[in-house]
Protein chains: 2
Amino acid sequence: MEQGDKLAAFSRDRSLGWLLAVVHSRAADQLDERLQKVGLNLGMWPTLMMLWEEEGLTQVELASRCMTAHYTTTRVLDSLEKKQLVERRKHPTSRRSHLIYLTDEGRALKSALIAEAMDVNDSLLSVLQPQEQQQFLSLLAKMVAAGSAD
Amino acid sequence: MEQGDKLAAFSRDRSLGWLLAVVHSRAADQLDERLQKVGLNLGMWPTLMMLWEEEGLTQVELASRCMTAHYTTTRVLDSLEKKQLVERRKHPTSRRSHLIYLTDEGRALKSALIAEAMDVNDSLLSVLQPQEQQQFLSLLAKMVAAGSAD
DNA sequence: TATTGTTATACTCTATAACTATA
DNA sequence: TATAGTTATAGAGTATAACAATA
């Protein structure tokens, strides 16, 4: 391919990065808005989702799975603890680690908040046919999985 | 579908929002890193891409197409003007509007920087088969287009 | 009165790195 | 000496709203 052709092959409305930015910001804004309504925010979301999936992780494990910095995890947990949605429990063998657990209140939020998230996801995907939706999610998941292996 | 089934149908690694966040942040980080190397940053990217596509827009038009706030556009243009990549020219009929143009230097950056962006896009898409890549981009573009119509 | 563009200000996020206490 | 977690601090980015100039 010639250099000129290559340049012509690039357009904003066909550029992966731009398209991702647009759709992601819509998804983020919509979910954040719903979380704000119950006094939470998007920064807390990865941690909550992870804890609904598995409790008893250390902060290091939690940070790694949420792909957030360790100091961010500290502050998110501070906020969630202040709201009495999570608690730091003693690690059985290490006195410098904590194990993070949801409180009953934190656990109780799961079904309502996941319903909100699914609602946002569904509404964004609703412009695609059902089998297109599955196709899209599969390809997207494939990209995520491949990049995580790096 | 029962409430329980619905909940079970949600998992982080199959959630549109989460997957978008992961892939988008990779794309953003990679492009930003390359832009930093030439003294630019990701905040300038939408404006530059737009101007390479069409010059002579007002700031309001530019802000709307870049989906940035008007005050953000002011500051991005200040930075780009300081780097002598763009210039604000007088509007022929309105004395409160400007028309934004690239300088020769700004225009000259196009091919190298778009090559960088295409490189990032290609590397992220490279884990998909060629026809999967086209499929993915088409579905993503369809979602973007549908949402813009709202 | 509404619009274009700029600016002041405050607030949130993020990044760096220093720090304590453990291991 | 390295790791878990916290905190101080600074910088970037973002949002609100006030403002001047113009339409």
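Numbers restart at 1 for each chain; the letters A, B, ... are given by sequence-line order, proteins then strands. Keep in mind that what you see is a predicted model, and the values were worked out from it rather than measured.
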In whole Å, I'd like the distance from the CG atom of A:Asp32 to the P atom of C:dC11.
18 Å
How long is the line joining NZ of B:Lys90 and P of D:dA21, in whole Å?
16 Å
Evaluate the ring planes of B:Phe10 and A:Trp45, with Trp represented by its six-membered ring, and classify them as parallel (under 30°), tilted (30 to 60°) or perpendicular (over 60°).
perpendicular
Sub-3.5 Å donor-acceptor pair from the side chain of B:Asp13 to the main-chain atoms of A:Ala141, do we have one?
no
Using heavy atoms and a sub-4.0 Å distance, could you list which residues of residues 74-89 of chain A are near DNA chain D? By number, please.
A:Thr74, A:Arg75, A:Arg88
Are B:Arg88 and B:Ile100 close enough, and set up right, to give a side-chain contact (heavy atoms from CB on, under 4.5 Å), and what steps lead you there?
CA-CA 5 Å; B:Arg88 291 168 161 104; B:Ile100 312 301; 3.7 Å; yes
Could you go through nucleotides 17-22 of chain C and list every protein N or O atom that sits under 3.5 Å from one of its N or O atoms, giving the distance for each pair?
from, atom 1, to, atom 2, distance (Å)
C:dT22, O2, A:Arg96, NH1, 2.6

Please report the closest heavy-atom contact between A:Gln134 and B:Arg14, naming both atoms and the distance.
OE1-NH2, 3.4 Å
Please state how far atom CD in B:Gln59 lies from atom P in D:dT22, giving the value in whole angstrom units.
15 Å
Using a 4.0 Å heavy-atom cut-off, does A:Thr68 contact any base of the nucleic acid, only the sugar-phosphate backbone, or nothing at all?
nothing
Is the side chain of B:Thr73 donor-acceptor paired with the backbone N or O of B:Gln59 at a distance under 3.5 Å, no angle test?
no
Within this structure, what is the CG-to-P distance between A:Leu42 and D:dG13, rounded to whole angstrom?
19 Å
Please determine if A:Asp104 and A:Arg107 form a salt bridge, counting it only when a charged side-chain N lies under 4.0 Å from a carboxylate O.
yes
Rounded to whole Å, please give me the gap between CG in A:Asn41 and P in C:dC11.
16 Å
Is it true that A:Glu116 and A:Lys37 make a salt bridge, defined as a side-chain N closer than 4.0 Å to a carboxylate O?
no
Does a salt bridge link B:Glu53 with B:Arg65, judged by any charged N lying under 4.0 Å from a carboxylate O?
no
Would you mind reading off the distance between A:Leu57 atom CG and D:dG5 atom C1', rounded to a whole angstrom?
16 Å
Any donor-acceptor pair under 3.5 Å linking the side chain of A:Ser126 with the backbone of A:Ser123?
yes
Whole-Å gap separating C1' (C:dA23) and NE2 (A:His91)
12 Å
CD of A:Gln36 versus C1' of C:dC11: gap in Å, rounded?
13 Å
